[in-house]
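Heads up, the thing below is written out as C-alpha cells.
Quick caveat, the model's predicted, so the values are computed rather than measured. Note on naming: letters A, B, ... go to the chains in the order of the sequence lines (proteins, then strands), and numbering restarts at 1 for each one.
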Amino acid sequence: MQKKILAMLLAGGQGSRLGILTSNIAKPAVAFGGKYKIIDFAMSNCINSGIDTVGVLTQYQPLSLNRHIGIGIPWDLDKKNGGVTVLAPHVKGGESGEWYSGTANAIYQNIDYINSYNPEYVLILSGDHIYKMDYSIMLDDHIKKGSHATIAVLEVTIEEASRFGIMNTNPDGSIYEFEEKPKEPKSNLASMGIYIFNWSNLKEALIRDSKIHLDSDFGKHIIPAMLEEGLKLNAFKFDSYWKDVGTIESYWAANMELIKTLPDFNLYEDFWQIYTNSEHQPPVYTSHTSDIKTSLLSEGCEVYGKVYNSVLGPDVFVDEGAFVKDSIIMQGCVIGKGTHINRAIVDEYAKIGGNTVIGQGENLPNEDYPSYYDTGITVIGAISVVPDDVVIGKNCVILGTTSIGNYPNGILQSGKSIMIQEAVL
Amino acid sequence: MRAIGIILAGGNNDRLGQLTSSRATSAMPIASCYRTIDFPLSNMTNSGVTKVAVITQFNSRSLHDHLTSSKWWDFGRKQGGLFVFTPFLSNDNSFWFRGTADSIYQNISFLKRSKEPYVIIASGDCVYKMDYNKLLDHHIAKEADITIACKTLTGEDVRQYGVMDLNSEGRVIDFEEKPVEPTSSTISLGIYVISRTLLIKMLEAISAEGRYDFVKDIIIRYRKKIKIHAWEYNGYWKSINSTKSYFDTNMDFLKADVRYKFIKEYPYIATKPKDQSPVKYNHTAVTVDSLVGSGSILNGYVEHSVLFRRVVTGENSRITNCILLEGVFIGKNCVIENAIFDKEVILPDNKTIIGEPGKPIMITKNDAL
C-alpha cells in the first residue's frame, strides 16, 4: 500500500502559557470558537485537502484528545486504508522507551509508521493553529519546483519577526538561511511550522540528526542541516488568516474576533467546512427573558439571561438575571441566577453559583503567574465550582470545587488564585 | 439481542400539503435539527436494537440522503446494521408496495435471515421517546402473539387514529381504523412487537390471499384468533399527519418539559451530524422563546418560532410564530407571522407574509416572492 502523501500532526505540546486551560488537556484539545477544538482546524484542512492518512502525535495529557479524535469519524478519517492513527510515545523492542523530546524526534520515533505507507511526501503540521489552508496547493508548488522541502511562511511585521522562526529567501522563493527568533530580522517571512518533505530526504535527515541531537527539532536542527547540505528548500507564502493562540490574551482575542459582524475568519461558508466531534447537536433555546447581542452560541445552549459580546460552547445554561459580557464560556457550564461575568474564560463544565460577580475590581496582575494572567481576564478551570454570592476580581484563577470558605468576606481580590487540585482529578 | 427493528417509512400524507411534495413524511424536519425518523431510529438504538430495516417508498430521496450511514445512530456495521429497502423489480414481482404488510412481505428474506426471536415494528412519522424493551417485556410476560403500544387520549379527537377496545386483562378485543363513532379513547401508536416466526407465517398467509395491510388484514382480521395485547405508553407522542400537527409538534419543543425530555435527558435523540458553526447573534438580533439551529446568522427579531440550521434573518425583520426550515433567508424589514417556510426559501427585503393563528401559511421555493 502506498500513499502519495501523509500528514504527521504534532499534538503533544502543553501550551503552558494558556495557564490552567491546559492543566489537564493538551493545547490542541482546548475549545475554540464555541464548539470546536484547536486541532479541528488542522484535521479538517487535511481531509479538505484530500489527505486521508494522518498520524496524530500525542504526549501531554492525551485523554481528551484521544476521545475527541476516536477513529476519526467526524473528519471522515475512519478509513480501511489510512485514516487517523494516534501515535503516543512507546517502548521499543529491547530498549526502554523515551518521550518525544523535540518536534523532529517525535517524527523520528515514528519512522515505522510512515514507512508502512511508503509515501513520497510527508506533511508536518502542528495542532496548535487556527487557519484554513489547502495543503494540496502547497504540495503542487513543492512538486513543481522540485524542492526537497517546502516551508509554509506568513508575512509578519518586522517588529513581530523577532518572535518567530524567520526564513531568509532569494527572490525566487528559495531559502538560503533560517534564523530562530532573530534580534535583527533580515526578512519578515515567519515559519508557520508547516513543512512538506520528500520522505526519502526527511528520513535520512532524521536518522542522521538523531545521533547528534537528543532533542531533534525541525527549526533548530533539521532545516539548518538540510540547508548546509545544499538541498533545495523553498518557502510557500500563505496570505490568509492564521493564528497561534498561545497566550490567554491572544486566545481570548481570537475568540472575540469571531463575533464581529464580518470576522476575518469565516466559519459560515459551506466550502472548506471545519468538522468537529459533537455528541449530539440540538438547537439553541432562548427564553422570553433572554437578551443576546453580538455573540456566538453553540448547540444546546439555554439562555434565560443576558449575553453580550461572548462566545458560548455547547450546552451552556445561563439562568435568569445573569449577565455574561466579553467572556468565553465553554461546554456544559452553568451560570447561576443574577450572576455577572465580565471578561472571563470559564472552562468546560464549571458551575458558577447565583448572585456572584466575576471580573470586578482593579487590573492587578496575578500574584502567582503574572506573565500568564495580566490583561484583566479571570480564568475559571474545568469542572470547577464557584459558590453563590462571591465577588471575584480581575486576573484571578480558580481551579477546583470552591466554597464560600475559600473567599475571605466573600471576596477574591484581583490577582489572587484558588487552586484546589484534587477536585479536578 | 432479542429483537430486530422495522421502521415503516413508506407513507406519504396529502394532509401535509406541499411540505411532503418532495419529501417523505418520515423525513419531515423537527425541532431545528432532527427529522421524524430520528425518533424511532434513536428509540431502536437506545433500546439496544442493533439491526434495523427502514422500508420506504414515496419520495425516498430525502430519506436516503439522511440515512447515509448507520454510524449516526450507533447501529452495528458487521453485527446488524441499518438497512434501507425500497420497492424493486424482480422476475416474479414488479409491484410497488401494496400495503404495510406487503412492504414487509416483499423484504421477507430480511426476516428469514435474521436469528433474533422478536420483531419490533414502528412507523417512521411519530415523535416520541420510548424504551421498546418495556413493550417487549410486557409482550413476553403476557405471552401475547402481538403487542401494540397504545395511548389513551383525553379531550382529543381520536377519529383519525386506530381505536382499540381492551378487556380487563389488556387484550385487544376490538380494533377500528379511523372510526366514525369511536367506542373508546385508546389509540394504537402503530408500534408492534411480534415473534419473528409468527410474522413470517402471517405475512405468507395473507399474501397468498391477496391481502396486504398490516392493520386491516392481520390485526383486525385475526384479533379473535390470536392473542393481541395492548401496552399503555404515557409519555409524549405526536403523529406528524397534518400541517397542524407538524406545526404544533415543532412548537411543543419550546416548552421546557418537552425540550428537556428529548434534548437534555439521556439517552439523546441522534441525527445525522452536519457540523454547522455556532449560531451568530449580531448586534441587532433578538430571539425570544425560540429555538435556533446551528449555522444560523441572526440580525432580526424572532419570537415564539423554530428556526432550523443555516437560517439568516435580516435587520429590522420581525418573525413571530413561524417555522423556518434549513437555509431560509429572510431579508431586511420583513414581517412574517404564522408561517412555515420550506427549505432554502429566500424572502426579499420589505415583504410581509401573515398567516392565520392556528392555520399557518405555507411558503415553498416555488412561490413567487
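Between A:Tyr285 and B:Asp289, the closest side-chain pair of non-hydrogen atoms falls below 4.5 Å.
Using a 4.5 Å cut-off between heavy atoms, A:Ser287 touches chain B through its backbone atoms (N, CA, C, O) alone. At a 4.5 Å heavy-atom cutoff, the contact between B:Leu254 and chain A is made by backbone and side-chain atoms alike. Heavy atoms of B:Ser69 lying under 4.5 Å from chain A are absent altogether. No part of B:Ala270 comes within reach of chain A, as not one of its non-hydrogen atoms sits under 4.5 angstrom from that chain. For B:Thr271, no part lies under 4.5 angstrom from a heavy atom of chain A. Both the backbone and the side chain of B:Lys280 have a heavy atom closer than 4.5 Å to some heavy atom of chain A. Neither the backbone nor the side chain of A:Leu312 comes within contact range of chain B, judged by heavy atoms closer than 4.5 Å. In this structure, the portion of A:Asp78 lying under 4.5 Å from any heavy atom of chain B is its side chain and not its backbone. Using a 4.5 Å cut-off between heavy atoms, B:Phe308 makes no contact with chain A at all.
A side-chain donor-acceptor contact under 3.5 Å links A:Gln273 to the backbone of B:Lys274.
Using a 4.0 Å cut-off between charged nitrogen and carboxylate oxygen, A:Asp315 and B:Lys264 count as a salt-bridge pair.
Comparing A:Lys293, A:Glu299, A:Gln281 by how many heavy-atom pairs each has under 4.5 Å with chain B, the most go to A:Gln281. By number of non-hydrogen pairs under 4.5 angstrom with chain A, the leading residue of B:Gly293, B:Ser294, B:Ser290, B:Ala285 is B:Ser290.
Here the closest non-hydrogen pair linking B:Ser277 and A:Tyr36 is CA-OH, 3.3 Å. Counting all heavy atoms, side chain and backbone alike, B:Val279 lies closest to A:Tyr268 at C-OH, 4.0 Å.
Shown are A:Asn309, A:Ile259, A:Val284; of these, the side chain to side chain contact (heavy atoms under 4.5 Å, CB included) with B:Tyr281 is made only by A:Val284.
A:Ser44 contributes atom OG, which lies 8.0 Å from atom CG of B:Asp275 (distance to the nearest 0.5 angstrom).
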